[in-house]
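Right, one structure below, let's go through it.
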Amino acid sequence: MATTDHARTRGTTGTSRLRAWMLEGLSDMGKTPQSSHTQPEPVHQGQRWWRVMCLTGVDYFSTLGYQPGIAALAAGLLSPIATIVLVIVTLAGALPVYRRVAEESPRGEGSIAMLERLLSFWKGKLFVLTLLGFAATDFLITITLSAADASTHLVENPHLTSTLHDQQMLITLILVALLGAVFLKGFLEAIGVAVVLVGIYLALNVVVVGVGLWHVATAEHVITDWTSALTTQHGNVFAMVGVALLVFPKLALGLSGFETGVAVMPHVQGDATDTDEKPAGRIRDTKKLLTTAAVIMSVFLIFTSFITTLLIPEQEFKSGGQANGRALAYLAHEYLGGAFGTVYDVSTIAILWFAGASAMAGLLNLMPRYLPRYGMAPHWARAVRPMVIVFTLVAFLVTWIFNADVDAQGGAYATGVLVLISSAAIAVTIAARKAGQRNWTIAFAVISAVFLYTTVVNVIERPDGVKIGACFIAGIILVSLLSRLARAFELRVTSVSLDDMADRFVRDIASRRIRFIANEPDNRDKAEYREKIEQIRADNDLPAQEDFVFVEVTVLDPSEFEAGLTVRGEVLHGRYRVLTLESSSIPNALAALLLYVRDRTGCTPHIYFEWTEGDPFTNFLRFFLFGQGEVAPVTREVLREAEPDRSRRPRVHVG
């Protein structure tokens, strides 16, 4: 028997340790209204900006593995010119937009938070959930597409083709699982891996680009042949630029990385003097991150598109060609030999695999900032490790649905990227207009038009991206509403504070029986309060000498889920004491007040209600959507969940 108890104890201890490890760092609401969120880490803690840049860079820079090939297929001989258009849009469009986003949203919420402030109530929440759906499309497809592309490079390696044939699905799932394992280990480890991978990959690309430029420079006929062919095909420079502008939307994947650059902003180390309200150092270093990454990528894009277009035969870019999806790897093998080419392949596979790290970091920063606050995710969604497991499982599902096919996921990836960039451009345009910055407003409006045009063209050409995004949006909204429904009877209040008058009321009534009357304010005249007291006394058979304090709750934004509660006291008509509260839900506010008064005074408070007329189901919907409805039974249910001990639970009376 003792052995059994000892085994049970060890099992319980093991479960507790696992739970503590899974929920490490959880910032959550307490069970009582006095509790508050755990204190956030000081703003200046984090990683140096160049290290965090490497985390976003595994996504951004890894596109060099396939971007030159995409440009060659889309623009042919015009690939370098089309890439220059992409670089101009990057440096003159996306970069200024996201530098402004970093200023406006220094906690990493990105343009979603900027747009959230424009709308309130449920329409604002649904709008944010829609944008989160596109963000999930972008980030999750980044994880699955990059892993699939890495497995493709692995399977198509000449030395491994025979061994790994038809194993791409399994390899992709393993790579996604390994990525999740890195984040389960810890975020610092993810940054460390990213720094090493980015450093090696960029160094190898410098070698490939340098050798490629040397071969172009020493073989003069290459440039001559290219320019002659361009002139033959397109006639003049204006025609070339026009065609390049038309094919630009197909190169939009080269813009990936900006949204994740802002999303991981909280991990950028600020100055010791930074505050949560004004993290000037973090904003400054995030701008350095964004600018440096954009400049590095732009230089590589121009040179890689140039050398691949001039040195690789056109047929090799097509499906089945040796340069299809791996143009730079083709040059590495062709001009630097099999040994260097193999090293380059390994580096490309590694960074493509880890490209999902920046997307995972973005998801882990973005989703817990919104869904738990909206009541649309469980408590544990605030913790990192459970969310890593959830996102990894979703990535498994996406990989299985698309059969680890890179091309099948490309449309969804581009759509997610472009929708987020377009929303960011619109958000900064509105911010500039509100700030009275006329020139910036015009500039950002033009940038917004460019990105909206690119998005529309992309959607028309590849509508599957919108369909996939719609699935993510529908899934997020459905899960969110179900979670909100399941958590409807939670306390929701993070803290309770009383002004001096309200505190005096509570201290005074604590010397007698604490009796509150829940009142829905109407005219707030003397007759209203006198008749209410008479009705409560008659319904509950209370003696005339009993003393009461009225409690009135005003519903502000019923779509909000949790917030602090401020209680104000006032005396009306020289005799009626009234506590006024503002909240998103009447029953939850009343329950929080009752528990606070109980803990403050040590006495059990009583509260008196009238029954609400109408259909119970309709009243529940009113409570769920508008914070009102059948107040009495819902208040009692909130109290029952918050306080399991019936003897300590405040009393609810309904007449």
Side-chain angles (χ1 to χ4, degrees), residues 49 53 56-57 59-61 63-64 67-68 70-71 74-75 78-105 110-111 114 138 237-238 240-263 265 283-306 414 416-433 435 437-458:
W49 67 267
M53 183 193 73
T56 63
D59 172 22
Y60 198 20
F61 300 144
T63 57
L64 290 171
Q67 183 69 18
I70 291 175
L78 280 173
S79 173
I81 299 175
T83 301
I84 290 174
V85 173
L86 173 65
V87 167
I88 292 173
V89 173
T90 298
L91 298 180
L95 180 58
V97 164
Y98 279 95
R99 284 171 62 91
R100 183 62 177 258
V101 170
E103 287 183 12
E104 299 284 343
S105 181
S111 58
M114 297 172 65
D138 178 11
V237 174
F238 296 105
M240 296 176 193
V241 173
V243 174
L245 291 172
L246 290 175
V247 301
F248 159 70
K250 297 181 180 179
L251 280 61
L253 288 183
L255 294 167
S256 66
F258 282 101
E259 193 70 29
T260 49
V262 173
M265 187 176 176
I283 293 172
R284 180 197 64 236
D285 286 349
T286 300
K287 289 182 177 181
K288 290 181 183 177
L289 180 160
L290 295 169
T291 303
T292 304
V295 170
I296 291 174
M297 188 62 176
S298 296
V299 171
F300 272 111
L301 283 173
I302 291 173
F303 284 121
T304 54
S305 66
F306 181 68
V417 169
L418 289 171
V419 168
L420 291 180
I421 292 180
S422 298
S423 67
I426 293 170
V428 298
T429 302
I430 296 171
R433 185 175 182 273
Q437 300 169 330
R438 184 173 181 274
N439 292 337
W440 275 117
T441 301
I442 295 172
F444 286 136
V446 172
I447 294 171
S448 300
V450 171
F451 285 125
L452 287 172
Y453 159 76
T454 307
T455 303
V456 171
V457 172
N458 183 272

*Only counting residues at least two apart or in another chain, list the ones meeting side chain to side chain contact (heavy atoms under 4.5 Å, CB included) with Glu103.*
Arg100, Ile283, Lys287
*Please name all residues satisfying side-chain hydrogen bond (donor to acceptor under 3.5 Å, both in side chains) with Thr291, sequence neighbours left out, ordered by chain then number.*
Arg99
_Has Thr90 got a side-chain atom pairing as donor or acceptor with Leu86's backbone, closer than 3.5 angstrom?_
yes
*Taking side chain as C-beta onward, heavy atoms only, is Val456 less than 4.5 Å from Tyr453?*
no
_Pairwise distance CZ(Phe444) to CG(Asn439) - rounded to 0.5 angstrom_ = 11.5 Å
*For Thr429, enumerate each residue passing the side-chain hydrogen bond (donor to acceptor under 3.5 Å, both in side chains) test, keeping only those at least two apart in sequence or located in another chain.*
Ser448
*asked:* Looking at every non-hydrogen atom in both residues, tell me the closest pair between Ala102 and Thr286 and how far apart they are.
replied: CB-CG2, 4.1 Å
*Which distance, rounded to the nearest 0.5 Å, do you find between the OG of Ser305 and the CG of Leu78?*
11.0 Å
_Counterpart residues, side chain to side chain contact (heavy atoms under 4.5 Å, CB included), relative to Thr455 (two or more places apart)_ = Leu418, Val419, Ser422, Val459
_Is any side-chain heavy atom of Phe258 closer than 4.5 Å to one of Val417?_
no
*Near Arg284 CZ, under 6.0 Å, is it more than 12 heavy atoms from other residues, nucleotides or ligands?*
yes
_As an exercise, state the distance from CD1 of Ile421 to OH of Tyr98, rounded to the nearest 0.5 Å._
5.0 Å
*Under a 4.5 Å cut-off applied to non-hydrogen side-chain atoms, are Phe61 and Thr56 in contact?*
no
_For Val101, is there any backbone N or O sitting under 3.5 Å from a side-chain donor or acceptor partner on Ser105?_
no
_Strictly by salt bridge (Lys or Arg N to Asp or Glu O under 4.0 Å), give each pair with a member in residues 79-94 just once, sequence neighbours left out._
none
*How long is the span from the CG atom in Leu290 to the CH2 atom in Trp49, to the nearest 0.5 Å?*
10.0 Å
Would you list the atom pairs, donor with acceptor, under 3.5 Å between side chains in residues 293-304 and any protein atom, with sequence neighbours excluded?
{"residue": "Ser298", "atom": "OG", "partner": "Ala294", "partner atom": "O", "Å": "2.7"}
{"residue": "Thr304", "atom": "OG1", "partner": "Phe300", "partner atom": "O", "Å": "2.5"}
{"residue": "Thr304", "atom": "OG1", "partner": "Leu301", "partner atom": "O", "Å": "3.2"}

*Taking atom OG1 of Thr83 and atom CD of Gln67, what is their separation to the nearest 0.5 Å?*
6.5 Å
